[in-house]
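Single-structure report; data block below.
Note that the numbering runs from 1 along the sequence shown for the chain. For ligands, and for the atoms within them, numbers begin at 1 and follow the listed sequence.
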Amino acid sequence: MNLPKRVAFTEVGARDGLQNISQFIPTEKKIALINALSEAGVPYMEVASFVHPKLVPQMADAAEVVTGIKRLPGTKYLALVPNTKGAQRAVEYGLDGWGVFVSSTETHNQRNVNASIAETIQGFAEVVRMAREAKVPVYCAISMSFGCPYEGDVPPERVVSITGKLLDIGIERIVLGDTTGMGNPHQVEDLTGRLLALYPAMSLSLHFHDTRGAGLANVLAGLQAGATWFEGSVAGLGGCPFAHGATGNTTSEDMVHMLHEMGIETGIDLDKLLATARLAQE
Ligand code: MG
């Protein structure tokens, strides 16, 4: 196997993970979790979402969290900034990256943000302009990249086409999200290979779910196809919004363990990450 010596890693537990927990987690507990992840050396971390608190009540304290955490130089702190209102708030907090999101299927995108895929991408242009002004890079997650509970199979050509449009408007990194864990290693290898062949200079991250237990197998398939950036959630925080009780995001400590055992560096201290996983479980 021709595998990278090192990969980048984004920890999404404090945002994607907590967002799927209906019980409100007190601000100081969120801050303690984020600080512990920073101490573990996580290189990239989503820490908040600047969305309307009515839509995502768990993220209502985004400003308090972002100002309350201790930022370490080894970690880049990211937040979801899906529209210009969110961007206006995010500008104040000096984040290291802004995330936006679109779905690969019209049905899920309509249900999620009440707009077509084209309208959603158009809406990003202004966020990208504001990010340029603030000198912050913008990444975009394409959810349902490997299958959709509403539409079933997602043709890889469609994800390739959406990626092209996002790169055209100045999005700096694309995250392929397997939002409901429908992806299999063959698909991952195929789509990752297509994208990197077409856009060799692009920055690409892979975000898997363990809904059907395929998370780590998909990581390996991504590695084999040339991917060098993965996302995970500490303690597997966050379930699946479409299947109550199902496992969600691929667990960070499992992924980091596998990568390290394979001789692939992440820069993360696994012992500290495991201690943080116990904190997260509490
Ligand atoms: Mg997720």
Charged N-O contact under 4.0 Å between [X] and [Y]:
X	Y	value
Lys30	Glu64	no
Arg158	Glu151	yes
Arg278	Glu282	no

If I consider every N, O or S atom in [X], which one ends up closest to the Mg ion (ligand 1)? I only need its name.
X	result
His209	NE2
Asp16	OD2
His207	NE2

Query raised in the report: Under 3.5 Å, is there a donor-acceptor pair between the Trp229 and Thr10 side chains?
Result: yes
Query raised in the report: Is there an N/O/S atom in Ser233 at a distance below 2.8 Å from the Mg ion (ligand 1)?
Result: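 No.
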